[in-house]
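The structure appears below as structure tokens.
Labels below follow one simple rule: chain letters A, B, ... track the order of the sequence lines, proteins then strands, and each chain is numbered from 1.
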There are 2 protein chains.
Amino acid sequence: MTYSEENYLKVIYHLSIGNTKGITTNAIANEMDSKPSSVTDMVKKLAEKDLVIYKKYQGVSLTDKGRQHAVMIVRKHRLWEVFLVEKLDFSWDEVHDVAEQLEHIKSEKLTDKLDEFLDFPTEDPHGDPIPDREGKIAKVEKQLLSETELHQKVICVGVKDSSASFLQYLDKQQIALGSSIEIVSREHFDQSLTLKVNDRQLSVSYKIAANLFVKTV
Amino acid sequence: MTYSEENYLKVIYHLSIGNTKGITTNAIANEMDSKPSSVTDMVKKLAEKDLVIYKKYQGVSLTDKGRQHAVMIVRKHRLWEVFLVEKLDFSWDEVHDVAEQLEHIKSEKLTDKLDEFLDFPTEDPHGDPIPDREGKIAKVEKQLLSETELHQKVICVGVKDSSASFLQYLDKQQIALGSSIEIVSREHFDQSLTLKVNDRQLSVSYKIAANLFVKTV
DNA sequence: AAACATTTTTAGTTTTGTCTAAAAATATAA
DNA sequence: TTATATTTTTAGACAAAACTAAAAATGTTT
Ligand SMILES: [Mn+2]
Ligand SMILES: [Mn+2]
Ligand SMILES: [Mn+2]
Ligand SMILES: [Mn+2]
């Protein structure tokens, strides 16, 4: 399995979540900053290897085998992110690019020993679940802050967008995983929100709220 | 810098040690299990990038820039080997293949943080020196056990061959870095040696002794 | 110095993964 | 239900990194 094949599998996996139909070549190309024609070529190769199901003009979907491979890459990616934050003092906005490289290291023993070394974490630094060595992913109920009712007390448990710029914004506003949040008011005009974060008052745009996962306490 | 270019640089670096003349394409091909014609192509590309000096039929040598790159790959390789052994309980015969992958991860911050996390080790699990972040390598005086005098008390400090089969042999014979060794006698017929290792008596072939580095106490 | 052997380079292919441009299929609108 | 727009695939090209086979240079013997 090449580096490139793994990246395609992972992208198809992520696009598949909450999507019953086939993933379009356009969507994949868009996600990978490549061209639809390149995707068509690669998708044929993956179909040849029984990693995806592909019928012309119908989009693509993962086989069980393909999903299993993809999940293992995600497992490695998130374990390495935990390692970087917990052991090497990286901040949560610095880990993604390095994990993009580390996720391709091939050694089941390494992955499992790393998991053990980190004390079998269930979530990565962005609140995303870490598949176990069988590929099982623990379901956690969480919702977007933007879909949370007024005055409901919640705790921040994850981010939808984990780009460096969003994460740095959250740092600046002192919002982190574990922060307690309550929506104090909604502005009708632009959907912006006034929050109480760990008893501090704070105003955020709709877009911010639409990228924060929370759970009710 | 591609994965492949890095592997070439590293091989040229290792072949350069204790070798003043240019490294031949044949030697490189041999070391990489590839063909001389492939090496010629790559070496031209490396010369183009000022990483090596190359003149037709004259072999190749590293520029300062090329050596610096190579040393950084060696640094990463050896730091990861220490990590695997010290933190993840790998044995010294299991680490090389994984380190071959990890040495290509590009992040200066990762390398330096890992170095710090490991407490700035000066040697890898096979006794090889670890370059510091400037690329400096501490010189350690060590000699081969095969070139050591009778009854001289020495300590095992490294291995010349670090293949899994040799390392496993040493495990079986309970010879490790730090073991105290003394040559009790030499067999004239086949150059084999009788050793006293940590007060145990042991007979080894010449080939074994020619792959063990020791230092006098 | 000529003859032979070895090493090294060149020339021409192959595979992988990408691209552009054009053709074909599908989706949307008049 | 045609016409138009969009999406997707095909065809053909390219760069990277490898290979084989042949040519050229170098080394070694007689
Ligand atoms: Mn990530
Ligand atoms: Mn993450
Ligand atoms: Mn090694
Ligand atoms: Mn080593």
Exercise. Going by number, which of residues 6-27 of chain A have a non-hydrogen atom under 4.0 Å from DNA chain C?
Worked result: Y8(A)
Any residue meeting side chain to side chain contact (heavy atoms under 4.5 Å, CB included) with [X], in chain and number order, not counting sequence neighbours:
X       : value
S38(A)  : Y8(A), K35(A)
E116(A) : K113(A), F120(A)
L118(B) : L79(B), V82(B), F83(B), K87(B), L114(B), P121(B)
S192(B) : E187(B), D190(B)

Close N or O pairs between protein and nucleotides 23-28 of chain D (under 3.5 Å):
from: dA25(D); atom 1: O4'; to: Y57(B); atom 2: OH; distance (Å): 3.2

Can you list every salt bridge (Lys or Arg N to Asp or Glu O under 4.0 Å) pair that touches [range], not counting sequence neighbours?
range                       : value
residues 134-150 of chain B : none
residues 56-68 of chain B   : D64(B)-R67(B)
residues 96-107 of chain A  : E6(A)-K106(A), K10(A)-E100(A), K10(A)-E103(A)

For this session: Give every residue pair that meets the side-chain hydrogen bond (donor to acceptor under 3.5 Å, both in side chains) criterion with at least one member in residues 22-34 of chain B, sequence neighbours excluded.
Result: none
What's touching nucleotides 11-13 of chain D from the protein side, N or O pairs under 3.5 Å?
none

Seminar exercise, completed: Contacts satisfying ring-ring contact (aromatic ring centres under 6.0 Å, His included) that involve residues 53-78 of chain A (not counting sequence neighbours) are H77(A)-H96(A)
